[in-house]
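Below is one structure; the comments refer to it alone.
Chain letters run A, B, ... following the sequence lines, proteins first and then strands; every chain starts at 1.
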Protein chains: 2
Amino acid sequence: MSTDLSMTSYALLGLLALDARTREEGLTGYEIKQRADRTMRFYWTSPAMSQIYTELDRLAEADLVMSQDAAEGRRRARRFTLSETGLATLEEWLATPPEDPIPVLKHPVALRLMLGAMASPESTIGVLDDYLEQLSRRREELQQVRALLADRHEARYPARVAQWGLSYFDSEREIAEQLRKDIHDNG
Amino acid sequence: MSTDLSMTSYALLGLLALDARTREEGLTGYEIKQRADRTMRFYWTSPAMSQIYTELDRLAEADLVMSQDAAEGRRRARRFTLSETGLATLEEWLATPPEDPIPVLKHPVALRLMLGAMASPESTIGVLDDYLEQLSRRREELQQVRALLADRHEARYPARVAQWGLSYFDSEREIAEQLRKDIHDNG
DNA sequence: TGTAGCATGTAAGCCGTTACATGATTGA
DNA sequence: TCAATCATGTAACGGCTTACATGCTACA
């Protein structure tokens, strides 16, 4: 058990596990991508389609997922479900606390801000404004996801994660506005 | 000009640019790594030593940095400084607002929380507690960096970035505590 | 005298992306 | 009938990490 998968593998197993609670047929690679785009991208990444298929092949090879070709009449499709080994692997992973739980953050705006002294205050403020705009757009998207999950007891954990994301966006908005003002006032 | 470098390349150019304002000799790869470990890792990544050397070679090849072998007597070392082209490239990059300014966040704790329903509340709370502990450790480290920069006018932009990081840690602490309580109360 | 820190590099390999290619089905 | 969406895959490559290898210098 547990040939040490990548985080993204566990994430895919997780999406399958979540789905298994409400459906039986499993998910196609395409559908997994949609789920990832809708929620996972906010606190992880949404892997490229090609990677999802590659990853699913690898997981199938390791007997962590089972694939089943589409029923006749329908468009060609492979539907993936968690195997028992897959479920056990996922549960084992969940029970093992992460060695280094600090998130990896790659913040292009902060990177630029570091060099703000090399640019005009106006252009730095412009970058912050762009960021603020993107933030509110993203926040709204996530807010809609959150709304779909609200009050569904089985979805309370995903709802909490969405809440986390909203809180992050709010905090970013606040500090970006503060820094904007600071730069405006003090250069 | 501008053969489209990776973000990390710009980050390295940025570290060289910051250093150039107070020193003339430039930095060794080793010293760049130290700078990156001290500050950059909080909002970007601190690249592996091997990558820094590889990257510096590439930048030197493109005439964006100049390397100079150590003066005699000293231990063998290559010191890197920004070239004029390098400075121009960096300034051009700074003037071009990022196409997609949303940070990439890979949050292993949020990923696990998404699947909290598969584990016991106690174990999920344990993960959050570990996270909170790491957070406060990290916060303290950054606080010290921040303290070093405080009140030095030339360092006001790096100080702002540090401030940003502190605000992020604070926000994370708050939401993690809230969610911890929520899970404790409602499972 | 020996260990920690300074300093540089090569090799192998993983993870993930973009670009490309193919084809079926639905609905306007 | 034509575009959008569903659906799957291959190839090439970039970025970054770990592991490994080497050697000097300061200092306890």
Let me know the distance between [atom1] of [X] and [atom2] of [N], rounded to the nearest Å.
X        : N      : atom1 : atom2 : result
A/Met49  : C/dT17 : CE    : P     : 11 Å
A/Ile52  : D/dC6  : CD1   : P     : 14 Å
B/Met40  : D/dC16 : CE    : P     : 10 Å
B/Arg78  : D/dC24 : CZ    : P     : 18 Å
B/Arg35  : C/dC6  : CZ    : C1'   : 14 Å
A/Lys106 : D/dG14 : NZ    : P     : 16 Å
A/Tyr10  : C/dC15 : OH    : C1'   : 15 Å
A/Glu55  : C/dC14 : CD    : P     : 12 Å

**Message:** I need the A/Leu90 CG to A/Leu5 CG distance, nearest 0.5 Å.
**Reply:** 9.5 Å
**Message:** Can you say whether a donor on the side chain of B/Ser50 sits under 3.5 Å from an acceptor on the base of D/dT18, or the other way round?
**Reply:**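 Looking at the base of D/dT18, it does pair with a donor or acceptor on the side chain of B/Ser50 (distance under 3.5 Å).
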**Request:** Would you please classify the geometry between the A/Trp93 ring and the A/Tyr10 ring as parallel, tilted or perpendicular, with 30° and 60° separating the classes?
**Result:** parallel
Quick one: which of [options] gets closest to the side chain of [X]?
X       : options               : value
A/Glu31 : D/dA19, C/dC6, D/dA7  : D/dA7
B/Thr8  : C/dT8, D/dC16, D/dG15 : D/dC16
B/Pro47 : D/dT17, C/dT8, C/dT18 : D/dT17
A/Gln51 : D/dC6, C/dA7, C/dT17  : C/dT17

**Fill in**
Between B/Ser46 and the options B/Gln34, B/Lys33, B/Arg35, B/Arg41, the side-chain hydrogen bond (donor to acceptor under 3.5 Å, both in side chains) test singles out B/Lys33
**Message:** Tell me whether A/Leu94 shares a hydrophobic cluster with A/Met7, the cluster being built from Ile, Leu, Val, Met, Phe, Trp, Tyr side chains joined at under 4.5 Å.
**Reply:** yes
**Asked** More than 12 heavy atoms of other residues, nucleotides or ligands under 6.0 Å from CG of B/Asp151: is that the case?
**Response** no
**Prompt:** For B/Arg76 and D/dT25, is the shortest distance between a side-chain N/O and OP1 or OP2 below 4.0 Å?
**Reply:**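 It does not, given that no N or O in the side chain of B/Arg76 lies less than 4.0 Å from OP1 or OP2 of D/dT25.
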**Asked** A/Ser46 near the nucleic acid: base, sugar-phosphate alone, or nothing, with a heavy-atom cut-off under 4.0 Å?
**Response**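 Touches sugar-phosphate only.
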**Request:** Between A/Met7 and B/Tyr53, just flag the one whose closest nucleotide in DNA chain C comes earlier from the 5' side.
**Result:** B/Tyr53
